[in-house]
Protein chains: 4
Amino acid sequence: MTKPNKWQSILSSANDVFLNCGYEKTKMDDIAVGAGVGKGTIYQYVDSKEELFVQMIKTNVSYVSDVLMEAIEESHSIEAFFDRLLHKTLFMLNKHGEKISFVIYEDLSRISNQLQEWMAENQEKDMQRLSTMLQHFMDQNDIRDVQPEVAAWLIQDVLRLGIYFQVFRKQDNIEELMRGEIDILLKGLK
Amino acid sequence: MTKPNKWQSILSSANDVFLNCGYEKTKMDDIAVGAGVGKGTIYQYVDSKEELFVQMIKTNVSYVSDVLMEAIEESHSIEAFFDRLLHKTLFMLNKHGEKISFVIYEDLSRISNQLQEWMAENQEKDMQRLSTMLQHFMDQNDIRDVQPEVAAWLIQDVLRLGIYFQVFRKQDNIEELMRGEIDILLKGLK
Amino acid sequence: MTKPNKWQSILSSANDVFLNCGYEKTKMDDIAVGAGVGKGTIYQYVDSKEELFVQMIKTNVSYVSDVLMEAIEESHSIEAFFDRLLHKTLFMLNKHGEKISFVIYEDLSRISNQLQEWMAENQEKDMQRLSTMLQHFMDQNDIRDVQPEVAAWLIQDVLRLGIYFQVFRKQDNIEELMRGEIDILLKGLK
Amino acid sequence: MTKPNKWQSILSSANDVFLNCGYEKTKMDDIAVGAGVGKGTIYQYVDSKEELFVQMIKTNVSYVSDVLMEAIEESHSIEAFFDRLLHKTLFMLNKHGEKISFVIYEDLSRISNQLQEWMAENQEKDMQRLSTMLQHFMDQNDIRDVQPEVAAWLIQDVLRLGIYFQVFRKQDNIEELMRGEIDILLKGLK
DNA sequence: TATGAATGAGATTTCATTCAT
DNA sequence: TATGAATGAAATCTCATTCAT
């Protein structure tokens, strides 16, 4: 087995075990067994359990950011944006499944300060890009004037809802639920 | 010191330490010191660290449920409901502050299966009550026909937003943001 | 078993095991077993293996310093001094046996910088006191003019010789050898 | 790079690293890097870390023995012997510097029993040769009757003093100190 | 012959829980 | 009832050695 394959095995195993057991309950032994390598091998690639966790989270976070960014780039109206967001989210949930839940439902500040800062910066960037897009739509009268910060938060909530009902509630009508949320966000409850 | 006072001290200390350090990093020693009692004394009231954690979470969860329930009970229109939700949430955030964040941003299933089930039931009850209320408003044509599950999720998002921007982002325009979200939920982005 | 007894057991066991195995080869498990306590108990008294080692060495070093100091205090001539040094050294070798060898024949700088500094200061103090005494004897024409530093070194060599031939060579004519060395130091080889 | 050069690089690197870090703290990795060879290459020349250490020590020990032996061979009086000892020791200290301190100030028995035996034999041979020389001087009335064992120990102490004050105390008046010690050994303190 | 990625036994240290006082 | 000293299972990480290339 060549070098990149080992690292991929380790990262993939780390993903599974950290996700199922949480950071503290995860044992390096389990990750090693899951990856089919010796315990010491992991330490050829990272210096500590914490660093391995950070590597894993960074990979997964980028999946979520990518969905948002790709949806923004190609969209010229809010409807088109939501449409792409919907499809890309469903695709990502299908592909990366549960991996994402860690990113959304865990307070990572207690695991690594460095990671928390990185996450905050990342989140800030996503917020900025969403806000820019929303401001653009407001200038074009595509949507009415609202606080971009709040609108951005609600757009991210479409992702949150998808993850929550798929990963934690195990429901299978995710698309329907997301369409329902988008509908309310566009037209309101009244 | 009489018995009830000791238990209150322990619970209060547990609150502080679990919140600051997370479940795994919290040491029984620290809780004992914070409560001003001997380590062994804690085991007069609970059988394990896990049980102490469960006791603490249950207390805090009820704050959140209470806000929702009180807002439901007194409201005869969606606007009145949101209005009460806003005020009660702000009051709770002020009073119980960060305690709530644990309930929202920690995956409790890894700490205790029993707790997770309890949380799921609780959440289900909240959802049911919100759905019933929303169905009532739909029957009265106070709001248009939407999926109650999704609407309930979005209503809870008003709480989520408040907690996130207060506890994690330390912003001080929480009321404004919540009003903005409620406005979007009522009238939509268009 | 009361608290001071446990600590004495631990210190005594540490003495034995560190002496027989050396710092690195010594396992905390062995010390615990030797002391008849649990491994964790050791960490109630010291924070680390290194600190335990430092505590042990400091105790033993003081035995050696004490021999020198007591011999100095009571002596008014070089012969009287050597006489007392001889007897006190033999007594100490009898009582504390091999414990002392560590102090003389190990480069402690690699185990703990803090300890090395402490040892250097200690050594400096011993040297100072010996030099003062020797200067006094020189002023009184009890001995001829020599470099106090060298004479102090040679006096300490009486201790070194005793430890070497007893601990490492296991000879039993230690007193005779020490008397021989003192004789040469006083009268010279010629 | 040809074979003998590799072995010389390894031995030289082992010297540096063992000396600076001590046996246990020395890593085979560091020696390999220092020698500019792969880690596995070292195992072409020795079977284990211990064997590499033994090889290194044996080389260094011979420097010390050589000084004694060369001083013995050419000397026909105790003064001539000490004179040569002085010059050869200073030369050796200059050339091999700190390497020797390991031989004097480390308890090698804990690293390798085989090595300790070898050292003891070596030491015994040195002692024998010194004793023979001293006996010869006593027969010729060049020096008075003393225990040869003790006199031999004190002669070796001239080397010890040189190493101690140069390597550990970093003093630069080594020659003066050694002359002072030789003077006391010859004429005594009285 | 030369390499260095891979290995896993074994080290130190932590901390929830117990129990003698 | 209240205590905290004592415990030991279990965690992370190291590094001498091997072996496929």
Side-chain angles (χ1 to χ4, degrees), chain A residues 1-7 10 24-33 35-52, chain B residues 1-3 6 10 23-33 35-53, chain C residues 1-3 5-7 10 24-33 35-52, chain D residues 1-3 6 23-33 35-53:
Chain A
M1 199 182 264
T2 63
K3 192 175 152 172
N5 284 338
K6 291 255 178 203
W7 172 235
I10 291 165
E24 302 281 355
K25 292 226 169 69
T26 291
K27 295 172 240 166
M28 293 303 267
D29 262 307
D30 296 340
I31 294 175
V33 169
V37 302
K39 207 184 342 181
T41 306
I42 299 175
Y43 288 88
Q44 301 249 344
Y45 298 90
V46 289
D47 283 341
S48 66
K49 181 183 174 182
E50 185 179 314
E51 193 192 323
L52 179 58
Chain B
M1 202 183 259
T2 64
K3 192 173 154 174
K6 292 230 179 202
I10 291 166
Y23 181 77
E24 299 283 352
K25 295 223 168 71
T26 290
K27 298 175 220 165
M28 292 302 266
D29 257 308
D30 295 340
I31 294 174
V33 168
V37 302
K39 210 181 345 178
T41 306
I42 299 175
Y43 288 86
Q44 305 270 343
Y45 299 89
V46 289
D47 284 342
S48 67
K49 182 184 176 183
E50 186 179 313
E51 194 192 323
L52 179 58
F53 181 79
Chain C
M1 200 181 262
T2 61
K3 191 174 153 175
N5 285 337
K6 290 257 178 198
W7 172 235
I10 290 166
E24 301 281 355
K25 293 227 170 69
T26 290
K27 293 172 242 166
M28 294 302 267
D29 261 308
D30 296 341
I31 295 175
V33 169
V37 302
K39 210 182 339 178
T41 306
I42 300 175
Y43 288 88
Q44 299 250 344
Y45 297 90
V46 289
D47 282 343
S48 67
K49 181 183 175 183
E50 186 179 312
E51 194 193 322
L52 180 58
Chain D
M1 200 183 259
T2 64
K3 191 173 153 173
K6 291 228 179 204
Y23 180 77
E24 300 283 352
K25 294 224 169 72
T26 291
K27 297 174 222 168
M28 293 301 267
D29 258 307
D30 295 341
I31 294 175
V33 169
V37 302
K39 210 182 343 178
T41 306
I42 299 175
Y43 288 86
Q44 306 270 342
Y45 298 90
V46 289
D47 283 342
S48 67
K49 182 184 176 183
E50 186 180 313
E51 193 192 324
L52 179 58
F53 182 78

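The structure displayed is predicted, hence computed values, not measured ones. Every chain is numbered from 1 and lettered A, B, ... according to where its sequence line falls, protein lines coming before strand lines.
Nearest heavy-atom pair across B/Tyr45 and B/Lys6 is OH-CB, 3.5 Å. Residues A/Lys49 and A/Glu24 share a closest heavy-atom pair of NZ-O, 3.5 Å. A/Ile31 and A/Ile10 get closest at one heavy-atom pair: CG2-O, 4.1 Å.
In this structure, CD in A/Glu50 is found 11.0 Å from CG in A/Asp47, a value given to the nearest 0.5 Å. Here the CH2 atom belonging to A/Trp7 is positioned 12.5 Å from the OG1 atom belonging to A/Thr41, to the nearest 0.5 angstrom.
The CG-C1' distance, from B/Leu52 to E/dA16, rounds to 12 Å in whole Å. Per the geometry, CD belonging to C/Glu51 stands 15 Å off P belonging to E/dT12, to the nearest Å. Distance A/Lys6 NZ to E/dG4 P: 18 Å, rounded to the nearest Å. Straight-line distance from the CH2 atom of A/Trp7 to the P atom of E/dA6: 12 Å, rounded to whole Å. Atom CD1 in C/Ile42 sits about 14 Å away from atom C1' in E/dT14, given to the nearest Å. Protein atom CG of A/Asn5 is 15 Å distant from nucleotide atom P of E/dA5, rounded to whole Å.
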Using a cutoff of under 3.5 Å, can you pull out all pairs of nitrogen or oxygen atoms linking the protein to nucleotides 14-17 of chain F, with atom names and distances?
from: F/dA16; atom 1: OP1; to: D/Thr26; atom 2: O; distance (Å): 3.2
from: F/dA16; atom 1: OP1; to: D/Lys49; atom 2: NZ; distance (Å): 3.2
from: F/dA16; atom 1: OP2; to: D/Met28; atom 2: N; distance (Å): 2.8
from: F/dT17; atom 1: OP2; to: D/Tyr43; atom 2: OH; distance (Å): 3.0
from: F/dT17; atom 1: OP2; to: D/Lys49; atom 2: N; distance (Å): 3.0
from: F/dT17; atom 1: O4; to: D/Lys39; atom 2: NZ; distance (Å): 2.9

Notebook entry, point to check: Given Watson-Crick or G-U pairs with both distances under 3.5 Å, what dot-bracket string fits DNA chain E, with | for other-strand pairs and [ ] for crossing?
Noted result: .||||||||||||||||||||
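Relative orientation of the B/Phe53 and B/Tyr23 rings is perpendicular, given thresholds of 30° and 60° on the angle between their planes.
Counting only heavy atoms from C-beta outward, the side chains of A/Thr26 and A/Asp30 never approach each other to under 4.5 Å.
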